[in-house]
*Asks:* 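Sharing a structure below in structure tokens format, with a few things to ask.
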Number of protein chains: 2
Amino acid sequence: MATLNDVAKLANVSKMTVSRVINHPDKVTDDLKELVYQAMRETNYHPNVAAKALVNNRTQIIKFLILEDLDITEPYYMKLLVGIAMDLSKQQFSLQLVIPDNIDIGDCDGYIITGMRHKDLDWIQDLKKPVVIFGENHYDLDFVDVDNKKGTMEATRYALEEGYEHFVFIGIDMDEAFEYSREAGYMEFLQERQMAPEIYRMANHSHSGSEFIQAHIDQFEPNTCFICASDRLGLGIERGLQACHKQIPDQYGVIGFDGVFLHQIASPRLTTVKQPEVEMGSAIAQMIVDKVNQNNIPQGHKLFAPELVPSESTR
Amino acid sequence: MATLNDVAKLANVSKMTVSRVINHPDKVTDDLKELVYQAMRETNYHPNVAAKALVNNRTQIIKFLILEDLDITEPYYMKLLVGIAMDLSKQQFSLQLVIPDNIDIGDCDGYIITGMRHKDLDWIQDLKKPVVIFGENHYDLDFVDVDNKKGTMEATRYALEEGYEHFVFIGIDMDEAFEYSREAGYMEFLQERQMAPEIYRMANHSHSGSEFIQAHIDQFEPNTCFICASDRLGLGIERGLQACHKQIPDQYGVIGFDGVFLHQIASPRLTTVKQPEVEMGSAIAQMIVDKVNQNNIPQGHKLFAPELVPSESTR
DNA sequence: AAATTAGCTGTTAGCGATAACAGATTTAAC
DNA sequence: GTTAAATCTGTTATCGCTAACAGCTAATTT
């Protein structure tokens, strides 16, 4: 591998000039810059990450902490991870995956955390390195998330446009910001139209959705659309309706949330609110790298517009 | 952070001795070793990865290449990744995730590759760094995989023990080693008992399985058990049977393969051949690290015994 | 008992990069 | 035209660690 020195010799300048061309190009004349760029191309120069890390007292490592139970979330993070990993490597950072039962050893330059709950606030605030959260929160922690409220709002609007007359929200019984936002989007849309919301909350499992429907099917008139807080619940609702011999999408509609894998394997395929996972991953990566480079200054938050993907579970 | 120097001072030895205690403990007397260990504990010493990497001309980075389409495999690799990541970080390596549409920049010490197909052989053999494959192959490339043959063998045995009389294999129409091994396990088991195998191959999608059953249900007498090459196919077979109003598990049994997420959300829950993903991940990590440390010498392969997990889709 | 050897431990140099300072050159100012 | 200021480039030292060699002590040999 070519080093700074090789480039410097070829360009007939000092290592320092080459280094400056890379890190402070404004402090070098254009002539020299051209020379150096040329030499870099000829030698196929790529900076040595270890050396850079050493001299900057960095590790070039970002840790990705998944605080949720993997058995539940398994498919969810794969694409997010891809988005994060792609962007981090472009910036010469690598990723370390950390899950709870994996004692966290070794240093890093920053953390990306997902699945954060209230109880985690204390130790997260005590972390000495920059942190970015995936998932909205009200703690002044920088975060990236999908616009949950907008998602359910559009889902409800879509259900209305497709001619359903009743709208029931199937939520997750968790005391977390994303759930409140999803409920809020649904409620706000209905209230603007003088309609009363109807919300049920349950554990985020397909079987809870299925059992719930079978136990309460009498309460739900035909032409009802179920807006669900997750595809997993949506899948369960579909199953429950099928067990009751109801027609989807004619008699009942179902809309999920996430658009991560599960909606594809549902039958009928689930209309869902799809999250732009890869882009969100990139954004998180960008945010944590910026934060590392800018001395841990706050970055605020970024909400991504979800996309309603119509499929077979609605008309 | 404490450095070698800090430890050395506290223990009243030279940096070199401390370094030796870590890397060549046999070349240091026990007394000194104790002293140094004590000092390391007191200073809470952790080696600086960047410095180590720099001096060893390493990157301490392993790349994980996923050559398959992520939309298909999404949930599959998450736990494997966790296993790999856990073990790699223990050895002070970090992971870089690489997928095809992500130009692969930057150096690394070794590769873990999954989803390899025949056509990939050439460039993989040309890689200049150690490689370990996830997935069996006949190319003399070191690999880790589940014992595919054993898996379908046990699945078929289980179906027989549960009283099914006919055994049909639903395979994936891919010309790859893992598929042949899965078929071989099924065939061998039947042939030992003088029974004729019956194999159908199709695309690895739940919908292909479902359509296949609906088109050919007449060919399959009751008391047949379908041994599937994937949970995805198993799920589809279940759906097809249900569409034909057949009883699972009484009239027909279904056994999947993988045990990665999908079997849980099937209804009835799918009996499956579960792969020990996390352990396989650890093994891959260990293998690639050994290979890096041992100058790229061949490591052979490791097959992991799968576990048959009975559930609702068989008696 | 002197000479050889084996076994530890310490010293030096260098991995590839950068910050801080010093030095050289150009430009501006009087 | 000399001096001061501004701008650019090079030199030196350093980040934390380890290989290679040098140096020392203690054990072994003759």
Side-chain angles (χ1 to χ4, degrees), chain A residues 1-40 43-61 91-94 106-109 292-293 295, chain B residues 1-40 43-61 91-94 106-109 292-293 295:
Chain A
M1 278 301 256
T3 72
L4 264 196
N5 226 331
D6 302 330
V7 178
K9 273 184 205 154
L10 189 64
N12 260 313
V13 296
S14 75
K15 292 197 294 181
M16 206 52 229
T17 301
V18 181
S19 171
R20 263 193 283 261
V21 168
I22 298 168
N23 299 299
H24 312 282
D26 51 311
K27 305 206 156 180
V28 182
T29 54
D30 291 348
D31 299 1
L32 271 190
K33 247 183 286 189
E34 229 4 275
L35 253 172
V36 170
Y37 284 138
Q38 179 58 31
M40 283 181 14
T43 53
N44 187 29
Y45 173 74
H46 287 284
N48 181 309
V49 181
K52 194 177 185 128
L54 178 61
V55 76
N56 289 331
N57 192 24
R58 292 247 204 95
T59 61
Q60 302 298 120
I61 291 172
Q91 318 244 11
Q92 311 215 269
F93 279 82
S94 21
D107 208 7
C108 70
D109 294 339
V292 167
N293 288 333
N295 260 303
Chain B
M1 278 299 256
T3 71
L4 265 195
N5 225 333
D6 301 330
V7 178
K9 273 185 203 153
L10 189 63
N12 259 312
V13 296
S14 75
K15 291 196 295 182
M16 206 51 228
T17 301
V18 181
S19 170
R20 264 195 282 264
V21 168
I22 297 169
N23 299 300
H24 311 284
D26 50 313
K27 305 205 158 183
V28 181
T29 54
D30 291 347
D31 298 1
L32 270 190
K33 249 184 283 188
E34 230 2 277
L35 252 171
V36 170
Y37 283 138
Q38 180 59 30
M40 280 178 19
T43 52
N44 187 29
Y45 174 74
H46 288 284
N48 181 308
V49 181
K52 195 176 186 131
L54 179 60
V55 75
N56 289 330
N57 192 25
R58 292 247 204 94
T59 60
Q60 301 299 119
I61 292 173
Q91 318 244 13
Q92 312 215 269
F93 280 82
S94 19
D107 209 6
C108 70
D109 293 340
V292 168
N293 288 332
N295 260 302

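Proteins get letters first, then strands, A, B, ... in listed order; numbering begins at 1 in each.
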*Asks:* Please produce a list of atom pairs where a protein N or O lies less than 3.5 Å from an N or O of nucleotides 25-27 of chain C.
*Replies:*
none

*Asks:* Between atom CG of Asp6(B) and atom CE of Met40(B), what is the distance when rounded to the nearest 0.5 Å?
*Replies:* 13.0 Å
*Asks:* Angle between the two end axes of the helix from dA1(C)-dT30(D) to dC30(C)-dG1(D), five base pairs per end, rounded to 10 degrees?
*Replies:* 50°
*Asks:* Enter the distance from Leu32(B):CG to Leu35(B):CG here, rounded to the nearest 0.5 Å.
*Replies:* 6.0 Å
*Asks:* Sorted by first residue and then second, give each salt bridge (charged side-chain N to carboxylate O under 4.0 Å, His left out) pair with at least one member in residues 28-39 of chain B; sequence neighbours left out.
*Replies:* Asp30(B)-Lys33(B), Glu34(B)-Arg41(B)
*Asks:* So which heavy atom on Ile22(A) is nearest to which on Tyr45(A), and how close?
*Replies:* CD1-CE2, 3.7 Å
*Asks:* Is any side-chain N or O of His24(A) closer than 4.0 Å to OP1 or OP2 of dA19(C)?
*Replies:* yes
*Asks:* If you look at every heavy atom in Pro25(A) and Val21(A), which pair is closest and at what distance?
*Replies:* CB-O, 3.5 Å
*Asks:* How does each nucleotide of nucleotides 7-17 of chain D score, in 5' to 3' order, for protein heavy atoms under 4.0 Å: base (B), sugar-phosphate only (S), or none (-)?
*Replies:* -SBBB---BBB
*Asks:* Identify, with sequence neighbours excluded, every residue that meets side chain to side chain contact (heavy atoms under 4.5 Å, CB included) alongside Asn57(A).
*Replies:* none
*Asks:* In whole angstrom, give the distance that lies between atom CG of Asp31(B) and atom C1' of dT25(D).
*Replies:* 15 Å
*Asks:* Which pair of heavy atoms, one from Asp107(B) and one from Met1(A), lies closest together, and at what distance?
*Replies:* OD2-CG, 4.2 Å
*Asks:* Only distances under 3.5 Å count here; give the side-chain donor-acceptor pairs of residues 7-18 of chain A to other protein atoms, sequence neighbours excluded, each with its distance to 0.1 Å.
*Replies:*
unit_1: Ser14(A); atom_1: OG; unit_2: Met16(A); atom_2: N; d: 3.3
unit_1: Ser14(A); atom_1: OG; unit_2: Thr17(A); atom_2: N; d: 3.3
unit_1: Ser14(A); atom_1: OG; unit_2: Thr17(A); atom_2: OG1; d: 3.4

*Asks:* What residues form a side chain to side chain contact (heavy atoms under 4.5 Å, CB included) with Asp109(B), not counting sequence neighbours?
*Replies:* Arg58(B), Thr59(B), Gln60(B), Ile62(B), Phe93(B), Val292(B)
*Asks:* Between OG1 of Thr29(B) and CG of Asp26(B), what distance do you get to the nearest 0.5 Å?
*Replies:* 12.0 Å
